[in-house]
Amino acid sequence: MKPGIGNRGSGIGRNGDACFAALAQPGIRALKAYDPGHDLVALRRRFGAGRLVELGANENPYGPSPAARQAALEALDTAHRYPDPLGGGLKRALADRLGVAPAQLLLGNGSHELLMQFAQVFAGPDAAVAMSQHGFAVYALAAQAAGAPLQFAPAWAPDAAMPRGHAPNALASVVSARTRLLYLANPNNPTGTWIAADALAALLARLPDEVIVVVDEAYAEFADAPDYRSALSLLPRHRNLVVTRTFSKAYALAGLRVGYAVADAGLIAVMERLRESFNANSVALAAATAALEDEAHLQRVVSANAQQRPLLAEALRARGCFVHPSQTNFLLAGFGDDAAAVEAGLLQRGVVVRPMAGYGLPQCLRITVGTADENTRLLRALDETTKPTYPATDQRG
Ligand SMILES: *Cc1c(COP(=O)(O)O)cnc(C)c1O
């Protein structure tokens, strides 16, 4: 705070942050700043470079395409210029790839930015936001910041102790005349679960045209279940549908921040009114365009994940965990009342996973599927931390 503020009898500054919060818009007053959880910089220092096993943020352990790295380096030569405010090169590449028009694309500084902006544009005190219980935390944040009421649909729970994911019917049921925006991640974070193609199509058919439906496909590249399909194929039939994607996960560019939305050109044009002109920076645009072209690299990443995911799930199940079915690069695993102790034990041994109490899943931990080596180190640390529920070795002899 600048010296002098609060000295004029206005009351500002007398009670620390609280009085400034009182000046903020109602939606902002109830918000809390992002809690980054563990201090990863300090942890990396403590465990040494490359020794910390980072499985807490669903990042891609294989790294970006070498072509993306090269393109990023070359883009630095023009760092003194503003980036292309239209993101033309990346939009053309994406349009070709996805079979849509460039005008149907909106680029973001990560898809997080776009998810927030959808609520800024479409939601408000009289325009509610619908989402699922155990849905991605950003949706609720976006609604609150826009001052919009939230409508929560219960997650489908085949076993009451282990909620698994979205119930499309429950989502459709919470939508009312005041709903303007519905968020849905498919596959979902943090559960890893997915909605089958026919159920998603049926949900869209049931929703009124005035409800903007944002299907967040941050993990779409990892999905390989026969009943999974991207919502992109539903775009021609539903002008109220938006599909968001990101370069943060399968393309391994989380640090550069590029995401995009695909929708009706008219809907995108309204979103463009609020977009910050240079939201996607030049290094990110260049890297994302090159990453998109390196299909072989993407395939290597996706195959490695598809190989490791069931192995890790099996290994966790063998240790007595309930592991939710996943179409992503992470697993939601149930550790019962031991979850917090397991998380702390892993951290002590240099393995970072994501606690889930904030998502209303205190018995679960979310674990990124790492490389074979990282997964081995995770399991070893887990075995040191917990008493296995069955003999770890054959003790008959
Ligand atoms: C990781 C993630 C995103 C991507 O966020 P970016 O801002 O693009 O890095 C979006 N939605 C979900 C559900 C995610 O898990």
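Start at 1 and go down the list; that is how both ligands and their atoms are numbered. For reference, positions follow the sequence shown, starting with 1.
The 12-atom threshold is not exceeded at CZ of Arg229, counting heavy atoms of other residues, nucleotides or ligands nearer than 6.0 Å. Around atom CZ of Arg92, no more than 12 heavy atoms belonging to other residues, nucleotides or ligands sit under 6.0 Å away.
Considering Leu115, Val138, Thr246 only, the shortest heavy-atom separation from atom 8 (O) of ligand 1 involves Thr246. Relative to atom 11 (N) of ligand 1, the option among Thr328, Asp216, Val258 with the closest non-hydrogen atom is Asp216.
Neither Leu361 nor Tyr219 shares a network with the other; the hydrophobic side chains, linked directly or stepwise wherever heavy atoms of I, L, V, M, F, W or Y lie under 4.5 Å apart, form separate groups for each. In terms of hydrophobic clustering, with Ile, Leu, Val, Met, Phe, Trp and Tyr side chains grouped at heavy-atom distances under 4.5 Å, Phe330 and Leu316 are assigned to different clusters.
Among protein heavy atoms, atom 4 (C) of ligand 1 sits closest to Ser111 OG, 3.2 Å.
The distance from the SG atom of Cys364 to the OH atom of Tyr359 is 13.0 Å, given to the nearest 0.5 Å.
For ligand 1, the atoms closer than 4.0 angstrom to any heavy atom of Ser248 are 6 (P), 8 (O), 9 (O). Within the listing of ligand 1, atoms 1 (C), 2 (C), 3 (C), 4 (C), 14 (C), 15 (O) sit less than 4.0 angstrom from a heavy atom of Lys249. Residue Asn189 has at least one heavy-atom neighbour below 4.0 Å for each of these atoms of ligand 1: 13 (C), 14 (C), 15 (O).
Contacts between Ala218 and ligand 1, counted as non-hydrogen atom pairs separated by less than 4.0 Å, involve the side chain only. Contact annotation for Tyr219 and ligand 1: only side-chain heavy atoms (C-beta onward) come within less than 4.0 Å of the ligand.
Between Thr246 and Ser111 the shortest heavy-atom distance is CB-OG, 3.7 Å.
The shortest separation from a heavy atom of Arg257 to ligand 1 is under 4.0 Å, placing the residue in contact.
Between Tyr260 and Phe247, the ring planes are tilted. Angles from 30° to 60° get that label.
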